[in-house]
2 protein chains.
Amino acid sequence: MEQAVAYWKVRGLKMTSVRKIICQTVFSSAEAFDAEDLLQRARQKDGLISLSTIYRTLSTLQEAGLLVEVEGIDRKKCFSVVGTQTSAASHVVCQDCGQVIPLENPCLSLRESGPAHQTGFSPKKISLRIEATCDELERCGTCVRSNKTKE
Amino acid sequence: MEQAVAYWKVRGLKMTSVRKIICQTVFSSAEAFDAEDLLQRARQKDGLISLSTIYRTLSTLQEAGLLVEVEGIDRKKCFSVVGTQTSAASHVVCQDCGQVIPLENPCLSLRESGPAHQTGFSPKKISLRIEATCDELERCGTCVRSNKTKE
DNA sequence: CTAAATGCAAACAGTTTGCAGCTGC
DNA sequence: GCAGCTGCAAACTGTTTGCATTTAG
């Protein structure tokens, strides 16, 4: 969050009230979210925020390296907050509820960049995407996560 | 190729001339391709083939487990022929020329399904996507692959 | 006061779908 | 001959963009 502010300040960009709200919402997310989700949640604080602003803000946060993009189950762009990882990210994408859960995977980059290098490429972003079904749904008929009692 | 024929036969579907052409084209591809690429190439054999048929055929080949989907650099759906791999696939996606190159990565699934399992999910598809830049382009100013002297 | 940010509506791109006619079996 | 396939054009969906207006610094 402070990093986002810093990023904007450095580039001579403005910290507006809308951006503040979006940032607060973004950085309090445990899972990945798509633009629509974020709009929903941000509008609870300011009902006028528009989708385009959401997209624009997500772009800059991504450029700032504070978010990574993941493809959701329905091909939507999803975003998740990056921790300390450099350029590699792992996510589980649930086929049942569509939820996208970040996974710790500290050595992914180390492990996987080698082979790519050997084929004549320099890896820039590595992402592991695991599409999966929810065990709980399988057992109980409902998936706790699908009711989005989140945050 | 024979597998595709078999798949259709089993399901009571037809082997048409259009499908034959599309299959030939698909299964002679060294790299991943998107619908447009495939249309291009298939039309060299039959100038009337339509995009919708391409999409529809790609879908069934994917259902048949003969193709996997990868996200291209421009967010297009790309497809690559699966070898013997089960449910895991690795690709390098070149940021420079957009080409998508399949990577051998025999143990990916073994290595990566564990952690997902522990979080309460059963992995169904695992895909490793490495977005990279082309070393050659970096050195020489042109990327051999970008002129698509392929196949 | 000026450059940047916003909301809105319109534009876009890739993909999917409905339908009338054609084709394999 | 009937189920399934095809091409076309139209519909869709998520995302991006142009523009007139507002706002931070």
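Residue numbers start from 1 in every chain, and the chains themselves are labelled A, B, ... in the order their sequence lines are given, proteins ahead of strands.
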In terms of heavy-atom contacts, does CD of B/Q24 have more than 12 from other residues, nucleotides or ligands at under 6.0 Å?
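Yes, CD of B/Q24 has more than 12 neighbouring heavy atoms, counting only those of other groups under 6.0 Å.
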Report yes or no: do A/T133 and A/D96 form a side-chain donor-acceptor pair below 3.5 Å?
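On atom types as modelled, these side chains do not qualify, holding no pair under 3.5 Å.
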B/R75 side chain to A/R75 main-chain N or O, any donor-acceptor pair under 3.5 Å?
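Yes; at least one donor-acceptor contact below 3.5 Å.
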Got a donor-acceptor contact below 3.5 angstrom from the A/R41 side chain to the A/V26 backbone?
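Answer holds: no.
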For each nucleotide in nucleotides 19-25 of chain D, reading 5' to 3', give B when a protein heavy atom comes within less than 4.0 Å of its base, S when such contact involves only the sugar-phosphate, and - otherwise.
----BBS
Going by the rule side-chain contact (heavy atoms from CB on, under 4.5 Å), which residues pair with B/P123 if we only count those two or more places apart in sequence or in a different chain?
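For B/P123, the residues satisfying side-chain contact (heavy atoms from CB on, under 4.5 Å) (neighbours in sequence not counted) are A/I130, B/S113, B/A116, B/H117, B/I126.
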Considering residues at least two apart in sequence or located in another chain, which fulfil the side-chain contact (heavy atoms from CB on, under 4.5 Å) criterion with A/S17?
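Checked A/S17 against side-chain contact (heavy atoms from CB on, under 4.5 Å); zero matches.
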Can you sort out the partners of [X] under side-chain hydrogen bond (donor to acceptor under 3.5 Å, both in side chains), two or more places apart, ordered by chain and number?
| X | result |
| --- | --- |
| A/R43 | none |
| A/T53 | A/S50 |
| B/S127 | none |

Restricting to pairs with a member in residues 122-131 of chain A, which pass salt bridge (Lys or Arg N to Asp or Glu O under 4.0 Å), not counting sequence neighbours?
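Qualifying pairs: A/K125-B/E131, A/R129-A/E131, A/E131-B/K125.
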If a pair satisfies salt bridge (Lys or Arg N to Asp or Glu O under 4.0 Å) and one of its residues is in residues 107-122 of chain B, list it, with sequence neighbours excluded.
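Sorted result for residues 107-122 of chain B: A/R111-B/E112, A/E112-B/R111.
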Spacing between [X] atom [atom1] and [N] atom [atom2], to the nearest angstrom:
| X | N | atom1 | atom2 | result |
| --- | --- | --- | --- | --- |
| A/I54 | D/dG14 | CD1 | C1' | 14 Å |
| A/L39 | D/dT16 | CG | P | 15 Å |
| A/D34 | D/dT13 | CG | P | 15 Å |

So how far off straight is the helix from C/dC1-D/dG25 to C/dC25-D/dG1, going by the axes through five pairs at either end, to 10°?
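Computed angle between terminal axes is 30°.
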Close approaches to DNA chain C from residues 70-78 of chain B, in residue order (heavy atom, under 4.0 Å)
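Only B/K76, B/K77 qualify.
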Of all the heavy-atom pairs spanning B/H91 and B/P102, show the shortest one and how long it is.
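Residues B/H91 and B/P102, closest heavy atoms: CD2-CA, 3.4 Å.
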For DNA chain C, which nucleotides open and close the run of contacts to chain B, 5' to 3', at under 4.0 angstrom from a non-hydrogen atom?
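Result: C/dG14 to C/dC25.
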Kindly list each side-chain donor-acceptor pair under 3.5 angstrom involving residues 58-72 of chain A, sequence neighbours excluded, with atom names and distances?
from, atom 1, to, atom 2, distance (Å)
A/S59, OG, A/Y55, O, 3.3
A/T60, OG1, A/W8, NE1, 3.3
A/T60, OG1, A/T57, O, 3.1
A/Q62, NE2, A/E69, OE1, 3.1

Looking only at side-chain N and O atoms, does A/Y55 come under 4.0 Å of OP1 or OP2 in D/dT15?
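Indeed, a polar side-chain atom of A/Y55 lies that close.
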